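Computed from a predicted structure; not experimentally measured.
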Amino acid sequence: WEVARRAAIDTGNDPALLEALFDDGEFITRQGPENFCTFPQSHVRSTIYDSLDFNSRRDLHVLAAGIFRDALPTEAPETIQTVAFHFLLANAISEGAKFILKAAQLLSESNALPASYQHYKALLDARTAIPPEMLLETITQTGILLIKLGRFADALTIFNQKFLDEMPNT
């Protein structure tokens, strides 16, 4: 019910009123001992999600990433992609860096090069918040990816000393 509670608070509505609306199960249902919510109608889910402020969305995506990370096989490509997706939407790059980097590599291997680049770019944009060895791997893989995309000038920029100068000594 965290979603309903956050939606009510973020929109200035009474949480009890919103919960009463969901009681009959037409718009939202509770499942499992933790009362996880599911939405039988996608437009209801979208409306509630859209009513959340950034901090609530961020918190829920970090929570979702943690649940998927802990509940699913960690090395499964689907788990990696799902966890990375939620960390990216939460803008929790440092927390999800390992998954985002692995997802970028998987996307590149499957020739989803623009999507892979977006993952690498998120890591580069947060370069001060990720471990130095991961930054070096990200720079290298991004440069290689840009060469595959035919973006040679951008690849040179990535490999430019400017990026390497910003890295701590490893």
Side-chain angles (χ1 to χ4, degrees), residues 1-11 15 28 30-39 42 45-146 149 154 157-159 162-170:
W1 284 107
E2 181 65 13
V3 173
R5 188 183 72 71
R6 290 282 184 109
I9 291 169
D10 292 350
T11 58
I28 193 169
R30 300 178 196 197
Q31 293 183 338
E34 294 88 10
N35 279 332
F36 288 121
C37 295
T38 59
F39 301 91
S42 63
R45 179 187 63 238
S46 296
T47 301
I48 290 173
Y49 182 81
D50 291 344
S51 72
L52 299 173
D53 67 18
F54 175 78
N55 290 330
S56 292
R57 286 184 192 187
R58 181 188 193 288
D59 293 347
L60 290 172
H61 281 294
V62 169
L63 177 66
I67 289 169
F68 286 121
R69 180 193 58 224
D70 296 342
L72 300 174
T74 307
E75 294 304 313
E78 298 80 10
T79 303
I80 293 165
Q81 294 286 4
T82 301
V83 172
F85 170 79
H86 284 287
F87 278 127
L88 285 167
L89 285 179
N91 198 26
I93 307 304
S94 63
E95 293 170 317
K98 178 181 106 178
F99 287 94
I100 296 167
L101 179 59
K102 185 62 178 166
Q105 293 164 339
L106 290 169
L107 287 163
S108 183
E109 290 167 9
S110 66
N111 287 320
L113 303 182
S116 176
Y117 175 73
Q118 291 306 314
H119 284 58
Y120 285 129
K121 184 175 181 331
L123 291 167
L124 288 174
D125 289 347
R127 64 183 167 270
T128 59
I130 62 175
E133 63 279 356
M134 190 175 292
L135 177 58
L136 184 57
E137 177 70 15
T138 300
I139 290 169
T140 303
Q141 293 302 317
T142 305
I144 292 168
L145 176 70
L146 288 168
L149 289 168
D154 291 335
T157 300
I158 290 294
F159 291 131
K162 180 173 93 174
F163 275 102
L164 298 177
D165 285 346
E166 293 177 5
M167 287 187 53
N169 293 330
T170 56

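Contact record, Ala126 with Ile93: CB-CG2, 3.6 Å, taken as the closest heavy-atom pair. Nearest heavy atoms, Ala92 versus Val62: CB-CG2, 4.0 Å. Leu145 and Ser108 get closest at one heavy-atom pair: CD1-OG, 3.9 Å. Closest heavy-atom contact between Ala104 and His119: CB-CB, 3.5 Å. Considering all non-hydrogen atoms of both residues, Phe54 and Ala90 come closest at CZ-O, 4.0 Å. Shortest non-hydrogen contact noted between Ala129 and Ser94 is O-CB, 3.3 Å.
Relative ring orientation between Phe85 and His61 is described as perpendicular, the plane-to-plane angle rising above 60° on a 0-90° scale split at 30° and 60°.
Counting only N and O atoms by type, the side chains of Ser56 and Asp53 include a donor and acceptor under 3.5 Å apart.
Across Ile130, Thr140, Leu123, a single residue satisfies side chain to side chain contact (heavy atoms under 4.5 Å, CB included) together with Leu135, and that is Ile130. When the options Val83, Leu107, Ile80 are evaluated for a side chain to side chain contact (heavy atoms under 4.5 Å, CB included) with Lys102, the one that passes is Ile80.
For Arg127 (side chain) and Leu124 (main-chain N/O), a donor-acceptor pair under 3.5 Å exists by modelled atom type.
Annotation: side chain of Glu78 is not in contact with side chain of Leu72 (no heavy-atom distance under 4.5 Å). In this structure, Thr74 and Phe99 have side chains that are in contact, with non-hydrogen atoms separated by less than 4.5 Å. Contact annotation: the side chain of Asp50 approaches that of Arg57 to within less than 4.5 Å [non-hydrogen atoms, C-beta and beyond]. Proximity of Leu101 to Tyr120: side-chain heavy atoms (C-beta onward) are separated by under 4.5 Å at one or more points.
Phe68 CZ to Leu63 CG: the interatomic distance, rounded to the nearest 0.5 Å, is 10.0 Å. From Leu113, atom CG reaches atom CD of Gln118 across 12.0 Å, with rounding to the nearest 0.5 Å. Taken from CD1 in Ile158 to CD in Gln141, the straight-line distance is 12.0 Å, to the nearest 0.5 Å. The CG atom of Asp125 lies 11.5 Å from the OG1 atom of Thr138; values are rounded to the nearest 0.5 Å. Of the inter-residue distances, the one linking Ile100 atom CD1 with Glu95 atom CD reads 9.5 Å to the nearest 0.5 angstrom. For the atom pair Thr142 OG1 and Leu149 CG, the distance stands at 10.5 Å (nearest 0.5 Å).
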